[in-house]
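See below for the structure under consideration.
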Amino acid sequence: MAEQKLHVYNTLTREKELFEPLNPPFVGMYVCGPTVYGDAHLGHAKSYVSFDVVLRYLRYLGFNVRYVQNITDVGHLVGDGEEGEDKLAKKARLEQVDPMQVAEKYTYTYFRDMDALNVLRPDIAPRATGHIPEQIAMIKTLIKKGHAYNSDGNVYFDVSSDPDYGKLSGRNVEESESGTRVETASDKKDPKDFALWKKADGEHLMKWDSPWGVGYPGWHIECSVMSTKYLGESFDIHGGGLENQFPHHECEIAQSECAHDAQFVKYWMHNNMVTLEGQKMGKSLGNAINLEQFFTGKHDLLTRSWDPQVIRFFLLQSHYRSTTDFSEDALEAAETGLKNLHSMITSIEKAEPGNGETFDIEGFKVSFEEVMNDDFNSAQAIAVLFENLKEIRKQITANQAPSNLGELRIFLHTVIEEVLGIWPNGEGGPGNSELTSGLVELFIEIRKEARANKDFALSDKIRDDLKELGVQLMDGKDGTTFSID
RNA sequence: GGCGACAUGGCCGAGUGGCUAGGCAGAGGUCUGCAAAACCUCGUACGGCGGUUCGAAUCCGCCUGUCGCCUCCA
């Protein structure tokens, strides 16, 4: 579907809708961040790379985006039911450290891994523990308005008080009762009700004073509070993984709309899940390979390391609303593809403007925008890239470099570097030091003499041995060139 | 049990009521001392069975299969 204007698939309506921000050119965007009690894995990569491209493309279109992504450094219960243990507290107990130490550590590794994937940092990364008073205030409001009740130190949201409950996930709450394995907390009025504030027992490490006694905030309230604080009671985009659609996002809507009597979010966006060799992966299943393990190759299921850029490129080759199945074979194909893409970029960067046909930058731009406007179709955008870059390189190799090469390069930087974030890594690598290239040039000189003397044994040895070191020699009409991996 | 998604050529993976997605792998060719790279050419796919239609892989129904959510998870 070719689109002149940006269309976004809205989970709320199950349709692609024309994107019209509430207060253009400003756009408020909130994406559920990680719970920092473990290393980031492929699932995080898919979600945050997806929304990174959403963010980058919105900015490319000229929107002034404020991007908020929370860090959950408290709570969420481990195990079934409502009586489980706080995940951070559990991790802290196992590692014999303070929960905040755990949170700090994994916040650091999270951003480290996202940086490696070239994911832009959010404008604001609020911590749940830094917003306890705001959460208490919101719970108070909900109680005052009759949407929540205190049950001996546990405060629950009264789902029956919200006729809209269920509108995001499309589930009929009345009928979804039977068959669910939720252990019902005994002090709830209704099993569907969810916790806003939980009473802490004596051993609980992370707890705060509240009007209802010592406790800690419920699972969903932090996102309602922090998004509202930094983006307002109504904002444009809320994103997250599909698995959070219910109950997390449904509950966020209920809390926020009942507290503020305003539409919470205009566009809900959900990325699909990641599978590994066809199998679901998740923290609780134990088959999650950390991103760092991908980057270093240190995992039993991996045969080698994988460049973060390759992982990013691989993810962008499928749509964010499709599941992405990881396998090393698929990654390898992506790696070769990315390498080719980069080599095309490099040859365009090195070329001199020529007397060839003027390249149709406008046409390139229109095709790129058409596919991106169709709900951020990065997979098609990459196809557009290959088609156009191939054409340009063809002109260059035929010594017919486009005359508007300079303008073209600016456009390529915008699209490939700024929007998709898959530009070749910097020139500072070991392969590009003056010493290295000087040495390689020297070998090329020696080999040239050998070839002139028809000493192909020596010339092939030089070429083969350099190849072993990652230096590829290429004999062309105008002499020998080289590239370094 | 309830709800939902998906099934595309050797592999990954977009998309669409009639017109080549793209990438990877593969085959042949040009070039080359030989390679590599580059360039040229080549694959006519859409789970099964019905239906709608002038025409469907694309719409509808049924079936089969895979996966997800319903319980912390991106």
Side-chain angles (χ1 to χ4, degrees), chain A residues 1 14 31-35 37-38 40-51 72 75-82 84-87 169-173 175-183 219 239-248 270-275 278-285 288 313-314 317-319 321-327 329-341 343-344 347 371 374 377-387 390 393-394 396-398 451 454-456 459-460 463-464 467 472-477 480-483:
Chain A
M1 200 201 322
R14 314 263 161 173
V31 172
C32 286
T35 302
Y37 70 104
H41 54 70
L42 281 176
H44 295 97
K46 164 118 181 159
S47 187
Y48 300 117
V49 166
S50 298
F51 287 109
T72 297
H76 295 196
L77 302 174
V78 142
D80 288 353
E82 303 267 349
E85 189 174 6
D86 184 294
K87 282 191 288 200
S169 53
R171 80 186 54 215
N172 183 330
V173 284
E175 286 177 7
S176 66
E177 276 315 300
S178 61
T180 147
R181 284 168 283 160
V182 180
E183 286 172 36
W219 169 28
L242 195 56
E243 83 289 346
N244 277 329
Q245 189 180 322
F246 185 89
H248 186 53
H270 292 95
N271 64 276
N272 216 316
M273 314 296 280
V274 164
T275 54
Q279 284 207 307
K280 178 199 157 121
M281 61 170 290
K283 284 179 196 171
S284 56
L285 296 182
F313 179 73
F314 178 65
Q317 272 191 306
S318 67
H319 190 90
R321 282 191 289 114
S322 304
T323 53
T324 302
D325 185 40
F326 271 82
S327 66
D329 284 349
L331 279 175
E332 204 165 321
E335 182 177 63
T336 313
L338 181 63
K339 203 172 148 195
N340 287 157
L341 185 74
S343 100
M344 290 193 274
S347 64
V371 298
D374 185 13
N377 196 330
S378 57
Q380 280 213 309
I382 288 170
V384 167
L385 235 50
F386 270 99
E387 281 169 356
K390 247 176 167 170
R393 180 167 65 180
K394 201 181 290 184
I396 291 171
T397 43
R451 293 178 74 209
K454 302 245 190 261
D455 184 355
F456 297 123
S459 82
D460 287 354
R463 188 174 62 199
D464 293 345
K467 179 119 203 262
Q472 175 74 54
L473 298 189
M474 290 160 292
D475 298 325
K477 283 246 186 288
T480 300
T481 55
F482 67 95
S483 69

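- Residue contacts shown for A:D475 include a base, since a base heavy atom lies under 4.0 Å away.
- Taking 4.0 angstrom as the limit, A:S322 places a side-chain polar atom (N or O) nearer than this to OP1 or OP2 of B:rA14.
- With B:rC34, B:rC73, B:rG22 as the candidates, the nucleotide lying closest to the side chain of A:E387 is B:rG22.
- The residue A:N244 sits close only to the backbone: its heavy atoms come under 4.0 Å of sugar-phosphate atoms, none of a base.
- Interatomic distance, OG of A:S169 versus NE2 of A:H270, reported as 9.5 Å (0.5 Å rounding).
- Lacking a ring centre under 5.5 Å from that of the base six-membered ring together with a plane angle below 30°, A:Y48 does not count as stacked on B:rA74.
- Across B:rG51 and B:rA57, the matching P atoms stand 13 Å from one another, rounded to whole Å.
- A side-chain donor from one of A:S318 and A:T324 sits under 3.5 Å from a side-chain acceptor of the other.
- Spacing of P atoms, B:rC67 relative to B:rU52, comes out at 35 Å, to the nearest Å.
- Relative orientation of the A:H41 and A:H44 rings is tilted, given thresholds of 30° and 60° on the angle between their planes.
- A:L242 has its CG atom 17 Å from the P atom of B:rC3, to the nearest Å.
- Spacing of C1' atoms, B:rC46 relative to B:rA21, comes out at 13 Å, to the nearest Å.
- The CG atom of A:L331 sits 8.5 Å away from atom CD of A:E335, with the distance rounded to the nearest 0.5 Å.
- Contact between the side-chain N/O atoms of A:N340 and the OP1/OP2 oxygens of B:rC24 is found at a separation under 4.0 Å.
- Taking every side-chain heavy atom of A:N271 into account, B:rA74 is the closest of B:rC24, B:rA74, B:rC34.
- Taking atom P in both B:rG13 and B:rG47, the straight-line distance is 15 Å, to the nearest Å.
- Judged by distance alone, with hydrogens and angles left aside, the side-chain atoms of A:S327 form a donor-acceptor pair with the main-chain N or O of A:A330 at under 3.5 Å.
- For B:rA37 and B:rC31, the C1' atoms lie 11 Å apart once the distance is rounded to whole Å.
- Note on A:R393: a side-chain N or O is less than 4.0 Å away from OP1 or OP2 of B:rC39.
- Out of B:rA74, B:rC24, B:rG33, the shortest distance to the side chain of A:A333 is found at B:rC24.
- Counting only heavy atoms from C-beta on, A:S459 has its side chain closest to B:rG33 among B:rG33, B:rC39, B:rA14.
- Of the listed nucleotides (B:rC34, B:rC12, B:rC70), B:rC12 has the atom at the smallest distance from the side chain of A:A330.
- Distances shorter than 4.0 Å separate none of the side-chain N or O atoms of A:W219 from OP1 or OP2 on B:rU71.
- Comparing B:rG15, B:rG22, B:rG33 against the side chain of A:Q380 picks out B:rG15 as the nearest.
- One finds a salt bridge joining A:R463 and A:D460 here, because a Lys/Arg side-chain nitrogen approaches an Asp/Glu carboxylate oxygen to under 4.0 Å.
- Atom CD1 in A:I382 sits about 12 Å away from atom P in B:rC24, given to the nearest Å.
- Between A:K454 and B:rC34 there is no side-chain N or O to OP1 or OP2 distance below 4.0 Å.
- Between the side chain of A:T336 and the main chain of A:E332, a donor-acceptor pair closer than 3.5 Å is present.
- Using cut-offs of 30° and 60° for the angle between ring planes, the A:F326 and A:F314 rings count as perpendicular.
- Closest to the A:N377 side chain, of the nucleotides B:rA14, B:rA21, B:rC34, is B:rA14.
- Of the N and O atoms on the side chains of A:T275 and A:D325, at least one donor lies less than 3.5 Å from an acceptor on the other residue.
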Intra- and inter-strand pairs of RNA chain B in dot-bracket (Watson-Crick or G-U wobble, both distances under 3.5 Å; | for another strand): (((((((..(((.....[...))).(((((.......)))))....(((((..]....))))))))))))....
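- Separation of atoms CZ (A:F482) and CG (A:D475) is listed at 13.5 Å; rounding is to 0.5 Å.
- For A:S47, whose side chain is taken as the heavy atoms from C-beta onward, the closest listed nucleotide among B:rC24, B:rA74, B:rA36 is B:rA74.
- Using a 4.0 Å heavy-atom cutoff across all strands shown, A:L473 reaches at least one base atom of the nucleic acid.
- With the nearest nucleotide of RNA chain B identified for both A:K46 and A:S318, A:S318 has the one nearer the 5' end.
- Put simply, A:N272 has no side-chain N or O that comes within less than 4.0 Å of OP1 or OP2 on B:rA5.
- In this structure, A:F51 and A:V384 both approach RNA chain B, and ranking their closest nucleotides by distance from the 5' end singles out A:V384.
- A:F456 comes within contact range of at least one nucleobase, with a heavy-atom separation under 4.0 Å.
- Listed candidates were B:rA21, B:rG68, B:rG13. Nearest to the side chain of A:M273 is B:rG68.
- Comparing B:rU41 with B:rC34, their P atoms sit 24 Å apart, to the nearest whole Å.
- Between the C1' atom of B:rC11 and the CG atom of A:L331 lies a distance of 13 Å, rounded to the nearest Å.
- A:D325 has its CG atom 6 Å from the P atom of B:rG13, to the nearest Å.
- Between B:rA38 and A:K390, no contact under 4.0 Å exists linking OP1 or OP2 to a side-chain N or O.
- Nucleic acid contact class of A:G43 (heavy atoms, under 4.0 Å, all strands): base.
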